[in-house]
Number of protein chains: 2
Amino acid sequence: MTDDPWVPPVVLLAVDLVILTLRESRLHVLLIERGIDPYKGNLALPGGFLRHAEEDITAAAHRELSEEADLDVETLRLEQLGVYGDPGRDPRGRVVSVAYLAIAPRLPEPTAGTDAADAGWQPTDRVLSGDLDLAFDHQRIIADGVERARTKLEHSALGTAFCRPTFTITDLQGVYEAVWGITLDPRNFYRKVQKTEGFIVPAGTSRKAATGRPARLFRAGPCTALYPPMVRPAEGPSAKE
Amino acid sequence: MTDDPWVPPVVLLAVDLVILTLRESRLHVLLIERGIDPYKGNLALPGGFLRHAEEDITAAAHRELSEEADLDVETLRLEQLGVYGDPGRDPRGRVVSVAYLAIAPRLPEPTAGTDAADAGWQPTDRVLSGDLDLAFDHQRIIADGVERARTKLEHSALGTAFCRPTFTITDLQGVYEAVWGITLDPRNFYRKVQKTEGFIVPAGTSRKAATGRPARLFRAGPCTALYPPMVRPAEGPSAKE
DNA sequence: CTAGCTTCTTGTCAATCTGACAGAAATAGC
DNA sequence: GCTATTTCTGTCAGATTGACAAGAAGCTAG
């Protein structure tokens, strides 16, 4: 921003991907085992550097997703989560990483890609509790991603993105319960999502479970923003962070 | 992310600041007139490159704020808004910019700083309508910042950040009306903010206006998150009852 | 085939919240 | 005093929420 002989410093730009899904009623995040230093052997988010100086950042995120996790890119909508660029977060130098968030329905185990020794789903609560040891500042990035998902569930139709193309209302309730970490009354939840116009639309058929009355099937509706929003019950007492 | 002889490309990292305030019941954004190319003479957000390779990004944002706008940094809380790094957004090369958002009470006219030929507040609607010609992709950044402020007003106590240390409920209502671009019923607004625990606390005294009954003064309360949230009336025809 | 179990779906009811509006309270100016 | 103006306190119907009862539709065991 000046025409002095001073030249601005340069940084390495990376992308990191927080891919969340639901497995056995628990929220999971896609992690790889790093095959190279630094943090070789540690778990980390899929991601990597820009391939060339003109690559679009979002395009790089999609590319890394397919390279490192071999997931179908088409169905996932990536949303920018934030920038993580503290000096010293990467021993290789000044690396600034753009984190992206995506929500996926239940998917098969991904296969390891080029730079990843292994790839797989890990429960987010094991990550957030510090039970798993993550590379870089990826634990914090995941924490931010989970929190983002929690709030997006309130105001957007994101919940349907966790489900398969057709799903039951109980399926959708399971999404809310897993992400929010609480239990909800099935009858009130049923009433609420039915009344929220454009959230879900009937898919005609029914699905018979192993036991119990068959449930009607629905599809994601046209709305992306929910009005009125789903209300998440207050948790702690008065003043919270 | 590989140990091939390939080296990752580097980018120039910049910060941009979206500082919003209220002046004469209209939302304004702080803009500078660029004193150097590119876009010399155009209006732009305050901002600039990292000073050195180890500078913290948030620290750089605070530094640019004081350098270019000469505003009191202490009282402003900067919040990361997003990353803007499309190839070609800056003719000087691959520049990736981290945008920050801050909300300020009514402040005096800032003085021009080093790189800025002039600095001043501009109404956001003139920016968003395309009436003013902004440098780079700064119009879009401002649009995102305004939208962020709108939604934050719903769920956080951000509204008080637009006000001076003590304010009346009518002052606070003016904030909501200006940012949301609608009018609200004073009686229902009064009831709502009073009932939302921790939002505002009485400041004891009253302020007498030029005319009319004196209004009680309040301060910002301890809560940052509002529960229940302020509800913004639905606007679009899309999916409404 | 019937009883029992499970799960989905439809209601009911009181408490609360919202939106619209009436009107009293407090000050300045005449 | 009287009026204009703004702040504050109520009222009231309709909508929403949270808690819970009970019917509906399947499966399985006997």
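Reminder, nothing fancy here: chain letters follow the sequence lines and each chain counts from 1.
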Decide yes or no on side-chain contact (heavy atoms from CB on, under 4.5 Å) for Y100(A) and E64(A), but give the supporting numbers first. CA-CA 11 Å; Y100(A) 282 82; E64(A) 287 290 341; over 6 Å; no
Quick one: are K192(A) and Q173(A) in side-chain contact, heavy atoms under 4.5 Å? no
Given that P228(A) and P214(B) both sit by DNA chain D, which one's nearest nucleotide is further toward the 5' end? P214(B)
Starting from P on dA15(C), measure out to NZ on K195(B) and report it in whole angstrom. 16 Å
Could you check whether the rings of H155(A) and H155(B) sit parallel, tilted or perpendicular, using 30° and 60° as the cut-offs? tilted
CZ (R140(B)) with more than 12 external heavy atoms under 6.0 Å: no
Distance below 4.0 Å between R216(B) side-chain N/O and dT7(D) OP1 or OP2: no
Check the angle between the aromatic planes of F136(B) and H138(B) and answer parallel, tilted or perpendicular using the 30° and 60° thresholds. tilted
Spell out yes or no: do the side chain of R213(B) and the base of dT7(D) have one donor N/O and one acceptor N/O closer than 3.5 Å? yes
Mark yes or no for whether T166(A), through its side chain, and R219(A), through its backbone, hold a donor-acceptor pair below 3.5 Å. no
Neighbours of DNA chain D within residues 155-194 of chain B, by heavy-atom distance under 4.0 Å: T170(B), R187(B), Y190(B), R191(B)
